[in-house]
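Here is the structure we will look at.
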Number of protein chains: 2
Amino acid sequence: MITNKRDDVLEAALLLFAERGFDGTTIPMIADKAKVGAGTIYRYFENKEALFNTLFQYWVTRLSEIVKDNFPSDLTNIRLHHRHIFFQIIQFVNHNEHALHFIDSHCSTHYLDEKSQKLFADFLEFLRSILEKGKEQGDICSLPADALIAIVYGAIVQLFKLMRMNILEETPELLVNIEECCWNAIKAH
Amino acid sequence: MITNKRDDVLEAALLLFAERGFDGTTIPMIADKAKVGAGTIYRYFENKEALFNTLFQYWVTRLSEIVKDNFPSDLTNIRLHHRHIFFQIIQFVNHNEHALHFIDSHCSTHYLDEKSQKLFADFLEFLRSILEKGKEQGDICSLPADALIAIVYGAIVQLFKLMRMNILEETPELLVNIEECCWNAIKAH
DNA sequence: CTTTTAGGAATGAATATTCATTCCGCATAT
DNA sequence: ATATGCGGAATGAATATTCATTCCTAAAAG
C-alpha cells in the first residue's frame, strides 16, 4: 500500500495531540509514530504550529460537513434536527475516535490561528441558528443558545471521553437513550 | 497584608495551569505571576510535578468537601440531592473561577500521581453512589451511572467555560433554569 | 535492455532555543 | 555575627528547527 508521508504525519499528530495536548507532544514523537524522519515533517509543514492548525482545520471542516450533510429537509421539525446532529456527531466520532477530543481540548487555545478560529466559530454559529429557530417555535426551552449548546455538546464530549477510556461501552441502545436525555434537557417543558 | 509566598505560587500556578495546561506552563511563568524568584518555588515544592499534584489534590479536596457539606438529610429525595450538588459546584466555581476547569482538563493526564488519582476517583464514586440510589428508587433514568455523571458534569464544565470566556453571563435565574435542564436530562420519564 | 544521471524526497545529525532545576550571593531578621 | 529566606543568573537537558548528505525514481543515453 502506498502511503503518503504527509498523511502519515497528520494521522500520528492527531493521536498525539489528542492524547497529550499540543505542548505535551514533541516533533520527534510525531516523527517516530509516523515512521518518518523529523526533518521530513518540515518538508510538509512550516512549523509545529502550522501542522497543528492544518490538522485542526481539517477536522473541524469534516465535523461541520458531516453535521450539515443530509440535513433534514423538514425545516420546522426541531426534534428531528436534534436527532440528526447527535447521530452525525456519533458517526464522526466512530470514523475517528480521537478527532472530537482533539477539537474540544484545543478549541480555545492561544496557538489557534485566525482561520482555525473562524472555522470553529462558524460551526458554532450553525448550531446556534438551529437552536434559535427551535426557540422561536417554542419547541426548545428559552435559554441562551450558547447555554443549550454547552449542555448537549458538553455531555457528548464527556461521554466519548469515557468511551475512549473504555469506562463506558458504546451500544446503539445506549446512544438512543442518551440522545433522548439530551433532548429532554433542552426541550420546552 | 502579609502574603505567604507558597500560597502566591499556588495561586499563580492554578491560573496558568487552567489557562495553558501543565506542559504549556513554565516555571518562570509561574514565578513571574507570583512575583517570586524561580528558585523560591523549589524551596516549597520538590519539582513542577509535585507542585502540580499538590494543587490538584488541594482543589479536588475542596470540591469534594463543598459538595458533601450540608448534604440533604432526607436521603430519599433525589431531586433535592441533584439541586444540592449542582449549586454547591456553582459555589465552588464562584469561589475560584479557574479551579473547575483546572481539575477537568487535567483529571486524566499522565502526570497525576497515585494520590491525586485516588482523590478524584473517590469523588466520582461519591457521585455514582447518589445516582445509583436514585436509579433504584426509579427517580432517575436507568442508564449507567457514569453516563449520567458525564451528561450533567459535562454540561456544567462546558457552561463555565463559556462564562469564564464572558460569552455567557451568570445570573441566578439562568442557573436555576440550567439546573432544571440537567435534572430533566437524567430524571426518569 | 542496461547504464547514467538529474532532481526531488527523505533523513538524522548538528544547531539554536527554551526550560526545569541548581547554586551562590545578598538582604533581612535574630 | 549568624542564620534564614530569597532572587535570578548559571547550568545542563530537552526540544524545535535546519541543513548537508543520501536515497529513489524515472527519464535519457548508450
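Here is the naming used below: chain letters follow the sequence lines, and residue numbers restart at 1 for every chain.
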Practice task
Would you please classify the geometry between the Phe102(B) ring and the His106(B) ring as parallel, tilted or perpendicular, with 30° and 60° separating the classes?
Solution key: tilted
Problem - Nearest to side-chain heavy atoms of Tyr42(A), which nucleotide of dG7(D), dA10(C), dA16(D) - result: dA16(D)
Handout entry: Separation of atom CD in Glu49(B) from atom P in dC19(C), rounded to whole Å
Key = 17 Å
Completion exercise
When rounded to whole Å, the CD to P distance for the pair Glu46(A) and dA16(D) reads 16 Å
Handout entry: Separation of atom CG in Asp32(A) from atom C1' in dG12(C), rounded to whole Å
Key = 12 Å
Exercise for the section: Would you classify Tyr44(B) as touching base, sugar-phosphate or nothing, given that sugar-phosphate means primed atoms plus P, OP1 and OP2, and contacts are heavy atoms under 4.0 Å? Expected result: sugar-phosphate
Practice task
Count the heavy atoms of every other residue, nucleotide or ligand shown that sit under 6.0 Å from NZ of Lys115(A), and state whether that count exceeds 12.
Solution key: no
Practice task
Report yes if the distance between the aromatic ring centroids of Phe123(A) and Tyr153(A) is under 6.0 Å, otherwise no.
Solution key: no
Problem - Side-chain N or O of Lys35(B) closer than 4.0 Å to phosphate OP1/OP2 of dG7(D) - result: no
Problem - Rounded distance in Å - CD1 (Ile41(B)) to P (dC6(D)) - result: 12 Å
Practice task
Please list residues of residues 20-28 of chain B whose heavy atoms come under 4.0 Å from any atom in DNA chain C, ordered by number; otherwise none.
Solution key: Thr25(B), Thr26(B), Ile27(B), Pro28(B)
Practice task
Could you tell me whether Phe22(A) and Phe56(A) have their ring centroids closer than 6.0 angstrom?
Solution key: no
Handout entry: Electrostatic pair Glu125(B):Arg128(B) at N-O distance under 4.0 angstrom
Key = yes
Problem - Phe52(A) CZ to dA16(D) P, straight-line distance once rounded to whole Å - result: 14 Å
Practice task
Kindly say if Lys48(B) contacts the phosphate of dC19(C), meaning a side-chain N or O under 4.0 Å from OP1 or OP2.
Solution key: no
Practice task
Answer yes when Glu11(A) and Lys5(A) have at least one side-chain N-carboxylate O distance shorter than 4.0 Å, and no when they do not.
Solution key: no
Exercise for the section: Would you mind checking if Glu169(B) and Arg164(B) are paired as a salt bridge, meaning a charged N to carboxylate O distance below 4.0 Å? Expected result: no
Completion exercise
On DNA chain D, more 5' by nearest nucleotide between Met29(A) and Gly39(A) is Met29(A)
Exercise for the section: Please state how far atom CZ in Phe45(A) lies from atom P in dA10(C), giving the value in whole angstrom units. Expected result: 12 Å
Fill in the blank from the handout: Assign each of Arg43(A) and Ala38(A) the nucleotide of DNA chain C bearing its closest heavy atom; nearer the 5' end lies the nucleotide of Arg43(A)
Handout entry: Lys5(A) NZ - dA9(C) C1' separation (whole Å)
Key = 9 Å
